[in-house]
J.: 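After the structure tokens below, expect a handful of questions from me.
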Amino acid sequence: MTLRFLGIIPNTPVDDSPTIWLDEETGDLLIQSYKATEEEVKACQEIGSVPGHSTDVPDHETIIRLPKVMLQYIPRPEGSTGEVPRT
């Protein structure tokens, strides 16, 4: 695995450091950030995603809260505006 550091939340204290890395072999992002609260997870489950898809979070997955300021570090395809599509 070849990782490339993309960014860390600006002016982060030593022990509070949301960070993003890119796996250059797969294009996947590895994100260290804040765990979603039980209330946030419940809200995600209530909204769901696609019809018929489980809203359970498997043991090998988690929901994180990514601070807005970290979006600047997420790679975007060339020509993209970087805006998140609204559904």
Side-chain angles (χ1 to χ4, degrees):
M1 177 183 328
T2 305
L3 294 181
R4 178 169 39 111
F5 168 78
L6 296 179
I8 190 167
I9 200 166
N11 303 316
T12 186
V14 174
D15 60 350
D16 191 30
S17 50
T19 307
I20 298 178
W21 299 268
L22 173 70
D23 181 330
E24 293 189 323
E25 295 171 17
T26 65
D28 292 347
L29 295 175
L30 286 85
I31 301 174
Q32 172 187 331
S33 194
Y34 306 109
K35 289 182 182 179
T37 64
E38 286 184 36
E39 181 181 347
E40 292 166 333
V41 171
K42 188 178 222 178
C44 290
Q45 290 172 321
E46 288 174 2
I47 292 172
S49 56
V50 295
H53 198 277
S54 173
T55 60
D56 293 336
V57 180
D59 289 340
H60 66 278
E61 295 181 6
T62 192
I63 295 176
I64 63 167
R65 172 175 287 279
L66 187 66
K68 182 179 178 179
V69 69
M70 295 300 291
L71 296 176
Q72 66 184 313
Y73 301 117
I74 296 178
R76 295 183 175 62
E78 281 189 42
S80 170
T81 63
E83 291 187 22
V84 177
R86 300 197 189 273
T87 55

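Computed from heavy atoms alone, side chains included, the values below leave out hydrogens, waters and symmetry copies.
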J.: Quick check: do P75 and L29 have side-chain heavy atoms less than 4.5 Å from each other?
T.: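 Yes, their side chains come closer than 4.5 Å.
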J.: When hydrophobic residues are tied together by side-chain contacts of less than 4.5 Å, even through go-betweens, does I64 share a cluster with V41?
T.: no
J.: What pair of heavy atoms forms the shortest contact from G48 to T55, and how long is it?
T.: CA-CG2, 3.9 Å
J.: What's the spacing between R65 CZ and M70 CE if we round to 0.5 Å?
T.: 14.5 Å
J.: Starting from Y73, can I reach I8 by hopping between I/L/V/M/F/W/Y residues whose side chains sit under 4.5 Å apart?
T.: no
J.: Out of L66, L22, L6, which residue meets the side chain to side chain contact (heavy atoms under 4.5 Å, CB included) rule with I74?
T.: L66
J.: Hey, what do you get for NZ (K68) to CD1 (I9), rounding to the nearest 0.5 Å?
T.: 13.0 Å
J.: Using side chain to side chain contact (heavy atoms under 4.5 Å, CB included), reason through D56 and E61 one step at a time and then give a plain yes or no.
T.: CA-CA 10 Å; D56 293 336; E61 295 181 6; over 6 Å; no
J.: When you group the ILVMFWY residues by side-chain heavy-atom contacts below 4.5 Å and let the links chain together, are Y34 and I63 in the same group?
T.: no
J.: Specify the closest pair of heavy atoms between P10 and Q72, including all atoms of both residues, with the distance to one decimal.
T.: CG-NE2, 4.2 Å
J.: Mind listing the closest non-hydrogen atom pair of F5 and W21 along with its distance?
T.: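 The answer is CA-CD1, 3.8 Å.
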J.: Under the side chain to side chain contact (heavy atoms under 4.5 Å, CB included) rule, what do T26 and M1 come out as? Steps first, then yes or no, please.
T.: CA-CA 9 Å; T26 65; M1 177 183 328; over 6 Å; no
J.: Kindly check if the number of other-residue, nucleotide or ligand heavy atoms within 6.0 Å of CD (E25) is above 12?
T.: yes
J.: How long is the span from the CG atom in L30 to the CD atom in Q32, to the nearest 0.5 Å?
T.: 10.5 Å
J.: Just checking E38: does its CD atom have more than 12 heavy atoms from other residues, nucleotides or ligands closer to it than 6.0 angstrom?
T.: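 No.
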